[in-house]
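Letters A, B, ... mirror the listed sequences (proteins, then strands); counts begin at 1.
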There are 2 protein chains.
Amino acid sequence: MTGPLHQRIRADIEARIRSGEWPPGHRVPFETELMADYGCARMTVSKAMAALVDAGLIVRRKRAGTFVARPRVHAPVLNIPDIQSEIVARGETYAFRLLSRTLRQPDRDSPEEVALAAGGKLLALDGVHDADGRPFALERRLVSLKAVPEIAEADFAQTPPGAWLLEHVAWTEAESRISAVNADPDDARLLALDEGAACLVVDRRTWREGQHVTRVRQIFPGEAYDLVARFGPGA
Amino acid sequence: MTGPLHQRIRADIEARIRSGEWPPGHRVPFETELMADYGCARMTVSKAMAALVDAGLIVRRKRAGTFVARPRVHAPVLNIPDIQSEIVARGETYAFRLLSRTLRQPDRDSPEEVALAAGGKLLALDGVHDADGRPFALERRLVSLKAVPEIAEADFAQTPPGAWLLEHVAWTEAESRISAVNADPDDARLLALDEGAACLVVDRRTWREGQHVTRVRQIFPGEAYDLVARFGPGA
């Protein structure tokens, strides 16, 4: 290949990643090593690495170094995603870890919680979706006991709360709000991310025939997840 | 109001914001000042402030302090947004600053650019959408001259490139990819954000009857913009 050296370095690394020689999670050599290998300045190496980060092929972790990225999950926007299926479709093992389960009254300072509870109690469920034993998404959920009384007895060891709800409740309407946030210290720890890492957040509310059923906040590492929508002018 | 002190502090500040006493951009007192005002520990104040950040009412800026947030723009997912209208709808003035305009060959290392160009040249347009004189979104766009030859002569002083395209091209299909990234130093400077601030990124490709017209990356400060989708099970 001809062209500038930073393009050659980029192409060499990309070829190793595409061929599988460097699998996801493989540590990419330090910039100083690449400078020695190619006999070039740091700026040349940095330019190649920046292009690989932009292309989503490698990720940088503070203090730990630079690693081959796992392929991002591209999920459709207009859907309640089955995270388990998304992970299994990548050939990875799936597990849900329930962090906490609390039956409680709505926070009377939160009009949204009061409306969701509709005079009843709320089941608060926090948990982590794991892919191949590593955190994939963090989930904080509230379910209206008034709308779904039988969830009080549900056992989430086999079926995580989202899948349980999809099986038990014929929802008719959902609204998702998609935003970007910097991981706070708690969320960063739970997702094994650097504090401040950009996360894609989906806040979704779901109704059944006008009755509010559940509200969930799902937090995905930005490097691992994006949302896709295909549409026409009449959408 | 009764209840824990951190809730009272939160409610006091929220009331000042909702009443307009503290408008968007107003500096919130430092935690040490609030500790003195309420005669309480830092943890109590921090709890109140964290709740206000979560609610999107205030934003923290490194080194500069904490400020009343501007209301977020909630844009529909399934749409090519007219950013100008979104800003004007908030009662703010709109302006587009063209940063660069380059007519060039596609990067032959990028299969996507080669496909977009379809044997012709690309017009590369970078610019910033301003609201009330402050950066609202950063836009990096490529337009296929083969698909839209007349854009070579367009003057974007009155009409920014996105609006120009909506006026001149009857698009038939679009695909958006939504992701979260940490602002790199360049983008942070252009958006007047802290480096690393979480940004919501929309990468959108647009076609007219199967012909690829344009590709645009729009970068929004996470604190200022989110996307909303309402849908049913048949979506």
Side-chain angles (χ1 to χ4, degrees), chain A residues 1 3 7 10-11 14 50-51 53-56 60 72 74-80 107-110 166 170-184 194 196-205 207 219-235, chain B residues 1 3 7 10-11 14 50-51 53-56 60 72 74-80 107-110 166 170-184 194 196-205 207 219-235:
Chain A
M1 175 176 170
Q7 284 186 11
R10 182 201 158 151
E14 182 165 349
V53 168
D54 274 356
R60 295 192 172 112
R72 264 196 185 170
H74 308 299
V77 170
L78 295 198
N79 195 16
I80 297 186
D107 176 354
R108 62 196 173 119
D109 290 335
S110 161
L166 285 173
W171 64 282
T172 56
E173 197 173 14
E175 185 181 276
S176 291
R177 181 152 299 198
I178 302 151
S179 57
V181 304
N182 292 104
D184 66 25
D194 290 327
C199 291
L200 193 68
V201 177
V202 178
D203 285 297
R204 191 175 49 246
R205 295 182 295 159
W207 292 265
I219 305 171
F220 302 91
E223 66 191 33
Y225 201 81
D226 60 31
L227 290 164
V228 179
R230 212 171 168 109
F231 56 98
Chain B
M1 177 180 167
Q7 284 184 11
R10 182 202 158 150
E14 183 164 348
V53 169
D54 274 356
R60 294 193 173 112
R72 264 196 186 172
H74 309 299
V77 169
L78 295 197
N79 195 15
I80 297 186
D107 176 354
R108 61 197 173 117
D109 290 336
S110 160
L166 286 173
W171 64 283
T172 57
E173 197 175 13
E175 185 181 275
S176 290
R177 180 152 301 198
I178 301 150
S179 56
V181 304
N182 292 104
D184 66 25
D194 290 327
C199 292
L200 192 69
V201 176
V202 178
D203 285 297
R204 190 174 52 244
R205 295 181 296 159
W207 293 264
I219 305 170
F220 302 90
E223 68 193 31
Y225 201 81
D226 60 30
L227 290 163
V228 179
R230 212 171 167 109
F231 56 97

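- One finds the CG atom of B:D194 at 9.0 Å from the CG atom of A:N182 (value rounded to the nearest 0.5 Å).
- Within the model, atoms CZ of B:R204 and CZ of A:F231 stand 6.0 Å from one another, a figure rounded to the nearest 0.5 Å.
- When the candidates B:S110, B:A197, B:A55 are compared by the number of heavy-atom contacts under 4.5 Å with chain A, B:A197 comes out ahead.
- The parts of A:S176 that come within reach of chain B are both its backbone and its side chain, each placing non-hydrogen atoms under 4.5 angstrom from that chain.
- Here the CZ-CD distance, from A:R60 to A:E223, works out to 12.5 Å after rounding to the nearest 0.5 Å.
- Residue A:R10 does not touch chain B at all, counting heavy-atom pairs closer than 4.5 Å.
- When each of A:A183, A:A180, A:S179, A:A50 is checked for heavy-atom pairs under 4.5 Å with chain B, A:A180 comes out on top.
- Of the listed residues A:D203, A:V201, A:D184, A:T172, the one with more heavy-atom pairs under 4.5 angstrom with chain B than any other is A:T172.
- A:P221 and A:C199 get closest at one heavy-atom pair: CA-SG, 4.3 Å.
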Query raised in the report: Going through the distances and angles, do B:L227 and B:V202 end up as a side chain to side chain contact (heavy atoms under 4.5 Å, CB included)?
Result: CA-CA 10 Å; B:L227 290 163; B:V202 178; 4.0 Å; yes
